[in-house]
There are 2 protein chains.
Amino acid sequence: MDTRERIVTEARELFLREGLEGFSMRALGERVGVSAPAIYRHFDDKDALLATLIDGSFSTFSSYLVRALSGKTPLERFRRTGEAYFSFALDHPRDYRLMFLTDCQELGFVCISEEIKDRAGGTFVFLVDRAKECMDSGLFQAGDPVPVALNVWSQTHGLASLWLLGNLEGRLDEAGFRAQVSLCLDSIELCLRSREAPLRQ
Amino acid sequence: MDTRERIVTEARELFLREGLEGFSMRALGERVGVSAPAIYRHFDDKDALLATLIDGSFSTFSSYLVRALSGKTPLERFRRTGEAYFSFALDHPRDYRLMFLTDCQELGFVCISEEIKDRAGGTFVFLVDRAKECMDSGLFQAGDPVPVALNVWSQTHGLASLWLLGNLEGRLDEAGFRAQVSLCLDSIELCLRSREAPLRQ
DNA sequence: GTCTATAGGTGGATAGAC
DNA sequence: GTCTATCCACCTATAGAC
């Protein structure tokens, strides 16, 4: 493994442990075993390094989403997409935070990067596709799938972020949270199924 | 207005403009017109000052929630609580961020403060009460109102935070966001109403 | 490519005069 | 209570030797 790769690996580890606040070039250099300035031979600046990290986070996220495609029906793929979203958030909380819980201002130029925006857009399109195929197969009422997808994203993101930022501390333990996740996914399904009710009557 | 009050006022202004990152005792002193060390005569440290700010944010939030009580029916009060939540998030984005979008680690001891936790708990109880009175009046299926309230909070928080952190940029403008808010509240209502469906049959 | 040395800046907090 | 002066820790990034 060459130095550049080791920098990325250790950067991910460091960010995982310390978050954005404790993530410094000095600390990273120490972990990698080189001086801080040496890192600048491999990355233009801190932002470029963070952009690489975010890119990797989206790759991991994508791998979770794609698993949902093994579902046999549109509805099953839709449900599994929701489950995959929570699995990712729980398995990779820091990545989740970097991707969805960090203000663009804080990340500086990173958020403007078109590559990153495209990757984020791609994962959203995945969700829109799941909604759309449920509509096309007549399970959900026909219409614009984008607002539906946004609504689903809001719900999953809301619960995940309340948990990850500690806002549920004292109210839910991890088991309670998992139960709440089930309720969240059930309620999404219930809501979308009820959209088909008028068609059935 | 004595100096302590002016410090709090300016601190809120400064935090509103700069966020947690740009919020320093030096900058605050400059705004107030005193030196940074002078602030330490009125507050033990930065955390104590931030705790005062958070406390004020919860006061503002409470005033939004209470407006919802002017609704004539349990369902109307429930709906208006959701609307009040979004109104607060849009009117006071920085306060919202300080209260619900800042990691406990980042705030240091502040999040451990029992006073703050109690205030946060109180606003949640308000939402639980709204769910409970809908249950008691037979509008929603009877059961534990807490998971229902958590589910509603997740949905509203999710949409609000996606918006406030810029994750919807390029996908929704402000008008689109408001439409999405309506859809969110409609979908919550739809979901909770469908819980009463079995009782009607 | 990596080092040391350093520039140039941020920040929180304290000491002691007034 | 407020000031100035200061300490100390930390940061990003560059210069120039090797």
Side-chain angles (χ1 to χ4, degrees), chain A residues 1-54 94 97-98 102-113 116, chain B residues 1-54 94 97-98 102-113 116:
Chain A
M1 189 152 63
D2 72 356
T3 307
R4 194 197 140 98
E5 284 179 74
R6 268 175 45 233
I7 290 172
V8 174
T9 304
E10 293 295 334
R12 177 154 281 111
E13 282 292 312
L14 181 63
F15 182 82
L16 228 82
R17 289 173 46 95
E18 307 293 336
L20 190 59
E21 304 74 40
F23 181 83
S24 73
M25 301 301 255
R26 289 181 175 193
L28 177 55
E30 203 167 337
R31 276 187 78 98
V32 178
V34 297
S35 67
I39 300 170
Y40 289 84
R41 279 285 150 190
H42 304 276
F43 296 91
D44 282 350
D45 51 23
K46 196 181 178 182
D47 281 338
L49 182 51
L50 280 174
T52 304
L53 284 194
I54 295 184
R94 292 291 186 180
R97 201 177 154 183
L98 186 57
T102 308
D103 196 318
C104 289
Q105 282 188 327
E106 236 175 295
L107 285 177
F109 110 101
V110 173
C111 72
I112 308 170
S113 155
I116 302 293
Chain B
M1 189 155 60
D2 71 356
T3 307
R4 193 196 140 99
E5 283 179 73
R6 269 174 46 233
I7 290 173
V8 174
T9 304
E10 292 296 334
R12 176 154 282 110
E13 281 293 312
L14 181 63
F15 181 80
L16 226 82
R17 288 173 48 95
E18 305 294 336
L20 190 57
E21 305 74 41
F23 181 82
S24 73
M25 301 301 257
R26 286 173 145 93
L28 176 56
E30 203 167 336
R31 277 188 77 99
V32 178
V34 298
S35 67
I39 301 170
Y40 289 85
R41 279 283 150 190
H42 303 275
F43 296 91
D44 281 350
D45 51 24
K46 197 181 177 183
D47 281 339
L49 182 51
L50 280 175
T52 304
L53 283 193
I54 295 183
R94 292 290 185 180
R97 202 177 152 181
L98 186 57
T102 308
D103 196 317
C104 289
Q105 283 189 325
E106 234 175 297
L107 285 177
F109 110 100
V110 173
C111 73
I112 308 172
S113 156
I116 301 292

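These numbers come from the heavy atoms of this one structure, side chains and all, not from hydrogens, waters or symmetry mates. Naming: A, B, ... by sequence-line order, numbering from 1 per chain. Predicted model only: the values in this text are computed from it and were never measured.
Listed by first and then second residue, the side-chain hydrogen bond (donor to acceptor under 3.5 Å, both in side chains) pairs involving residues 32-41 of chain A amount to none (not counting sequence neighbours).
Not counting sequence neighbours, the partners of B:Arg4 by the side-chain contact (heavy atoms from CB on, under 4.5 Å) test are B:Asp2, B:His42, B:Phe43, B:Thr52.
Atoms NZ (A:Lys46) and P (D:dC11) sit 8 Å apart, rounded to a whole Å. Rounding to whole angstrom units, CG of residue A:Asp45 and P of D:dC11 are separated by 17 Å. What separates CD of B:Glu30 from P of C:dG12 is a distance of 13 Å, to the nearest Å. In this structure, A:Met25 atom CE and D:dT14 atom P are separated by 10 Å, rounded to whole Å. With rounding to whole Å, B:Tyr40 atom OH is found 17 Å from C:dG16 atom C1'. The CG-C1' distance, from B:Asp47 to C:dG11, rounds to 14 Å in whole Å. Taking atom CZ on A:Phe43 and atom P on D:dT12, their separation rounds to 15 Å, with Å as the unit. Atom C1' of nucleotide D:dC11 and atom CD of A:Glu18 are separated by 15 Å, given to the nearest angstrom.
Although no hydrogens or angles enter the test, the distance criterion places a donor-acceptor pair under 3.5 Å between the side chain of B:Arg6 and the main chain of B:Val32. In this structure a side-chain-to-backbone donor-acceptor pair under 3.5 Å is present from B:Arg12 to B:Leu53.
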Atom pairs, protein N/O to nucleotides 1-7 of chain C N/O, distance under 3.5 Å:
| unit_1 | atom_1 | unit_2 | atom_2 | d |
| --- | --- | --- | --- | --- |
| C:dT2 | OP1 | A:Thr3 | OG1 | 3.1 |
| C:dT2 | OP2 | A:His42 | NE2 | 2.7 |
| C:dC3 | OP1 | A:Ser35 | N | 3.4 |
| C:dC3 | OP2 | A:Ser35 | N | 2.6 |
| C:dC3 | OP2 | A:Ser35 | OG | 2.7 |

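Counting all heavy atoms, side chain and backbone alike, B:Glu10 lies closest to B:Leu28 at C-CD1, 3.8 Å.
Considering only heavy atoms from C-beta on, A:Arg97 stays 4.5 Å or farther from A:Leu20 through its side chain.
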